[in-house]
Amino acid sequence: MPELPEVEVTRLGIKPYIEGRRIDAILVRNGDLRWPVPVGLHKDLTGTWIKTVTRRGKFILIGLMDAGQNDRGTLMVHLGMTGTLRVLQGDTPAQLHDHIDIRLQDNLLRYRDPRRFGAVLWHGLEDGPIANNRHLRDLGVEPLMSPFIESGGEILYRQTRGRSAPIKQILLAGQIVVGVGNIYASESLFRAGINPKTAAGRIGLERYWRLAGAIQDVLAAAIQKGGSTLRDFVGSDGASGYFQLDYFVYDRAGQPCRVCGTTIRAIRQGQRSSFYCPKCQK
DNA sequence: CACGACTCCTGCTGGC
DNA sequence: TGCCAGCAGGAGTCGT
């Protein structure tokens, strides 16, 4: 389920409870995720300390060090469509789809993923800089950081010249800017007044500035809203911890546009659903 | 290279 | 009420 805001809220929720802790044990109940969980993961992780909890795109990056403060590598966690990461008391019984337990000094970091579209990967020192990881190296810029903050419109404009693919597809691909998933792509395009079918190369600089602002507004609002659910990521074994903005168009096919009253339309683009207002978005 | 179709998996929902 | 086809918020891979 998660798009960037859900991943960021997960990261913020677990970080205070796992950073600085030692990893005492790893239990992999089912390593058959999107890619196989590395078989030797327990050897790489056990006895190391969690130094950093960061994010790149939709990957949560857990940086590890040894007792001498030397970097040891990075644990990469992707939540796919249905993944969750929770901090729990060590004696919390595992439920169906609780695939991985990372046992810390004073608690338990648990990965659950019913659909198993997510991933838990290891990037060791021998693999070089984490930025060169095959899953990270081709990602676009972060939407809520420099340079997108100050140059977002120009970046979108420049990188789409000559591109015939619909702007919705370009956003989802994540090669220009990361973190915009299916929901927030529709929502951002609505707020920018751009039809999702428009060829990306035919959109001008001024409209891309509006889109860049819309992407930042939508993602930032979702993260802020998620802040109220932070406690769900700790000690809570049930509630999803995820959250929804009040959508303008997503999943509102057949309902009136909240701005102009025109009926919202649903279309398929690249096997995914898109929603838009035919009057507000040209 | 750019683009679009297909794929992995389980769980729910909407329509009959 | 019960059944089941179809669809779900990601993203890598492959064929054209």
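Below, chains carry the letters A, B, ... as their sequence lines are ordered, and counting in each starts from 1.
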Q) Tell me: CD of A:Q175 to C1' of B:dG4, nearest whole Å? A) 14 Å
Q: Please determine, for the side chain of A:H78, which listed nucleotide (B:dG4, C:dA8, C:dG10) has the closest atom?
A: C:dG10
Q. Could you give the CG-to-C1' distance, from A:N133 to C:dA11, as a whole number of Å?
A. 14 Å
Q) Is any side-chain heavy atom of A:L156 less than 4.5 Å from a side-chain heavy atom of A:I203? A) no
(Q) Quick check on contacts: within residues 113-123 of chain A, what sits under 4.0 Å from DNA chain B by heavy-atom distance? (A) A:P114, A:R115, A:R116, A:F117
Q. Do A:L33 and A:Y111 have side-chain heavy atoms sitting under 4.5 Å apart?
A. yes
Q | Integer-rounded Å distance: C:dG10 C1' and A:K168 NZ | A | 12 Å
Q: Calculate, to the nearest 0.5 Å, the distance between atoms CZ and NE2 belonging to A:F59 and A:H78 respectively.
A: 5.0 Å
Q: Please measure how far the P atom in C:dG9 lies from the corresponding atom in B:dG14, and state the result in whole Å.
A: 14 Å
**Q.** Per A:W35 side chain, nearest of listed nucleotides C:dA8, C:dG12, B:dG4
**A.** C:dG12
Q) How close do A:N182 and A:E3 get, heavy atom to heavy atom, and via which atoms? A) N-OE2, 3.4 Å
Q. Quick one: A:R268 CZ to B:dG4 P, roughly how many Å, whole number?
A. 15 Å
Q) Can a cation-pi geometry be assigned to A:R115 and A:F117, taking NZ or CZ under 6.0 Å from the six-membered ring centre and within 45° of the ring axis? A) yes
Q) Is any side-chain heavy atom of A:I50 closer than 4.5 Å to a side-chain heavy atom of A:L64? A) yes
Q) Any side-chain N or O of A:S164 less than 4.0 Å from the OP1 or OP2 oxygen of B:dC3? A) yes
Q) Counting just side-chain N and O atoms, does A:H97 come under 4.0 Å of either OP1 or OP2 of B:dG11? A) yes
Q | Stems formed with participation of DNA chain B [Watson-Crick or G-U wobble, under 3.5 Å, three or more pairs] | A | B:2-8 with C:10-16, B:10-16 with C:2-8
Q) Quick one: which of C:dG10, B:dC3, B:dG4 gets closest to the side chain of A:P166? A) B:dG4
Q: Please measure how far the P atom in B:dC9 lies from the corresponding atom in C:dC3, and state the result in whole Å.
A: 25 Å
Q) Looking only at heavy atoms, which two atoms of A:K51 and A:D71 are closest? And how far apart? A) NZ-OD1, 3.0 Å
Q.
Between B:dC6 and C:dG6, how many Å separate the two P atoms, rounded to a whole number?
A. 15 Å
Q: Rounded to the nearest 0.5 Å, what's the gap from CD on A:Q255 to CZ on A:F275? Could you check?
A: 10.0 Å
Q. From B:dC3, B:dG11, B:dA5, pick the nucleotide closest to the side chain of A:Q271?
A. B:dA5
Q.
Restricting to non-hydrogen atoms, name the atom on A:A94 and the atom on A:R110 that form the minimum distance, rounded to 0.1 Å.
A. CA-NH1, 3.6 Å
Q: Measure from the side-chain heavy atoms of A:R163 and tell me the nearest of B:dG4, B:dC3, C:dT13.
A: B:dC3
Q.
Rounded to whole Å, please give me the gap between CG in A:L33 and P in C:dG10.
A. 17 Å
(Q) With a 4.5 Å cut-off on side-chain heavy atoms, are A:I102 and A:I26 touching? (A) yes
Q. A:I267 has an atom CD1; how far is it from atom P of B:dG4, in whole Å?
A. 12 Å
Q: Check whether any side-chain nitrogen or oxygen of A:Y250 sits under 4.0 Å from OP1 or OP2 of C:dG9, and answer yes or no.
A: yes
Q) Within this structure, what is the CG-to-P distance between A:N182 and C:dA8, rounded to whole angstrom? A) 8 Å
Q) Would you say the side chain of A:R21 lies within less than 4.5 Å of the side chain of A:L109, judging by non-hydrogen atoms? A) no
Q) Below 4.0 angstrom from OP1 or OP2 of C:dG9, is there any side-chain N or O of A:S273? A) yes
Q) What nucleic acid atoms does A:R272 come within less than 4.0 Å of, heavy atoms only: base, sugar-phosphate, or nothing? A) base
Q: Would you mind reading off the distance between A:R134 atom CZ and C:dG12 atom P, rounded to a whole angstrom?
A: 8 Å
